[in-house]
Amino acid sequence: MIKEIRSNANYYPESLCPKVAEKLAEKFNLSPNNFYIDNGEDGVITMLGLTFINPGDECIMAELTFPAYENIVGKMDGKSIVIPMTKDYRFDVDGMIRAITPKTKIVFLCNPNNPTGTIIYKDEFERLLAAVPENTLFVCDEAYYEFVDDPNYPQSLNYFNDHPNLIVMRTFSKIMGLASVRIGYAIAHKEIVQVMLKTREPFPVNRVAQAGAFAAMDDKEFCDKTFTVNAAGRKQLFEGLKQMGFEVYAGQANFIFANLGKPSMPVFEGLLKEGVRNHPCRFLKGSSKKG
Ligand SMILES: Cc1ncc(COP(=O)(O)O)c(C=O)c1O
């Protein structure tokens with residue numbers, strides 16, 4: 001990354017991130033044409049919306065999930081169909097299936113989910129995937145994929161070849177620690193990638209991000225260490241919070257979701273003073289467990 005900025009800062013970046021796309025293709029045994037790379041997964045989500053959502057289109061998502069989906073649907077004058085969580089803050093897969101109509105343009109699945117950290121299991125994934133019609137996009141946000149160690153987690157890419165409407169999104173921001181440079185991608189069938197490329201701006205991923213992502217894919221040692229340290233930290237937090245009497249949810253990401261049973265803002269501010277950054281989930285819509 002340092003070399004790239006020193007030598008090439010005066011050149012525009014490669015528009016299609018060819019080195020990153022080729023390396024991803026090798027890693028996943030797919031073609032570079034199966035990768036849509038943008039300015040973080042956030043960029044991918046925005047472009048999905050700009051490319052595919054027309055006014056009035058319905059998009060299904062969970063009540064407590066990554067807010068970017070609802071944001072882009074709103075911006076495109078689409079309609080978010082928000083499915084309440086189950087009592088234990090998991091996705092209501094059958095509720096999502098029941099919500100599918102001929103107007104459904106996208107089903108968003110965040111797995112592991114932000115902010116709950118929970119996953120949907122292989123059998124649930126298969127049920128949902130089978131219920132999504134061919135002309136509806138099934139978008140799986142797997143930003144935290146690399147942190148998962150639950151054997152019941154579905155390997156979505158195993159279903160890729162048989163499902164032209166399946167889009168899997170991943171990022172270099174999380175396990176690879178490159179959040180500031182902004183690079184993420186979608187794995188999709190080439191017809192989808194092509195139409196997204198027509199919609200986007202020409203240079204969404206800067207040179208430093210491309211160099212960093214390219215190098216990061218070889219840095220197995222860093223990823224392995226991050227995985228191990230995170231798994232231990234996640235367990236420690238889970239058990240510690242449980243011992244303190246809080247309602248904690250077994251998650252698979254690089255954070256833990258807990259119901260403290262009291263307003264979260266004072267806890268957020270108190271922990272911040274101690275140098276601990278955390279995220280208050282104040283708005284648990286439709287939940288009796290507010291706070
Ligand atoms: C579920 C989920 N998807 C996407 C993103 C965005 O990732 P990126 O940094 O690649 O834009 C995040 C970031 O927090 C996230 O939690």
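Atoms within a ligand are numbered from 1 in the order they appear, just like the ligands themselves.
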Please test F125 against Y153 for ring-ring contact (aromatic ring centres under 6.0 Å, His included), starting from the C-alpha separation and ending with a verdict. CA-CA 9 Å; F125 179 88; Y153 180 74; 8.5 Å; no
Under the ring-ring contact (aromatic ring centres under 6.0 Å, His included) criterion, do Y185 and F172 qualify, and how do the steps go? CA-CA 9 Å; Y185 56 100; F172 290 91; 5.6 Å; yes
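At the top of the distance list for atom 6 (C) of ligand 1, counting protein heavy atoms only, stands D42 OD1, 3.3 Å. What sits closest to atom 12 (C) of ligand 1 on the protein, heavy atoms only, is F66 CZ, 3.3 Å. Among all non-hydrogen protein atoms, the one lying nearest atom 8 (P) of ligand 1 is E41 N, 3.3 Å. Of all protein heavy atoms, the one closest to atom 9 (O) of ligand 1 is S173 OG, 2.6 Å.
Atoms of ligand 1 found under 4.0 Å from any heavy atom of T171, numbered from 1 in the order shown, are 8 (P), 10 (O). Less than 4.0 angstrom separates some heavy atom of G40 from each of these atoms of ligand 1: 10 (O), 11 (O). Atoms of ligand 1 found under 4.0 Å from any heavy atom of A143 (numbered from 1 in listed order, with element): 2 (C), 3 (N). Using a 4.0 Å cut-off to heavy atoms of C110, the atoms of ligand 1 that qualify are 1 (C).
The closest donor-acceptor contact from the side chain of Q252 to the backbone of D149 lies under 3.5 Å. Between the side chain of H189 and the backbone N or O of F160, at least one donor-acceptor pair lies under 3.5 Å.
Within the structure, the ring-ring contact (aromatic ring centres under 6.0 Å, His included) test picks out the following pairs touching residues 194-241 (sequence neighbours left out): Y12-F203.
For the residue pair Y69/D141, the side-chain donor-acceptor check at 3.5 Å is satisfied.
Follow the hydrophobic side-chain contacts under 4.5 Å out from I119 and you never reach V107; the two are in separate clusters.
The residues K122 and E126 are annotated as salt-bridged, a charged nitrogen and a carboxylate oxygen being separated by less than 4.0 angstrom.
Between K174 and ligand 1, at least one pair of N/O atoms sits closer than 3.5 Å.
Ligand 1 does not have G184 within reach: every non-hydrogen atom of the residue lies 4.0 Å or more from it.
By the criterion of a heavy-atom distance under 4.0 Å, the side chain of R182, and not its backbone, is placed next to ligand 1. Only the side chain of D141 comes within 4.0 Å of ligand 1, judged by heavy-atom distances. With a 4.0 Å cut-off on non-hydrogen atoms, Y144 touches ligand 1 through its side chain and not its backbone.
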Going by atom type alone, with no hydrogens or angles, which donor-acceptor pairs under 3.5 Å involve a side-chain atom of residues 52-62 and a protein atom two or more places apart or on another chain?
from : atom 1 : to   : atom 2 : distance (Å)
D57  : OD2    : N54  : N      : 2.8
D57  : OD2    : K105 : NZ     : 2.8
E58  : OE1    : T101 : OG1    : 3.0

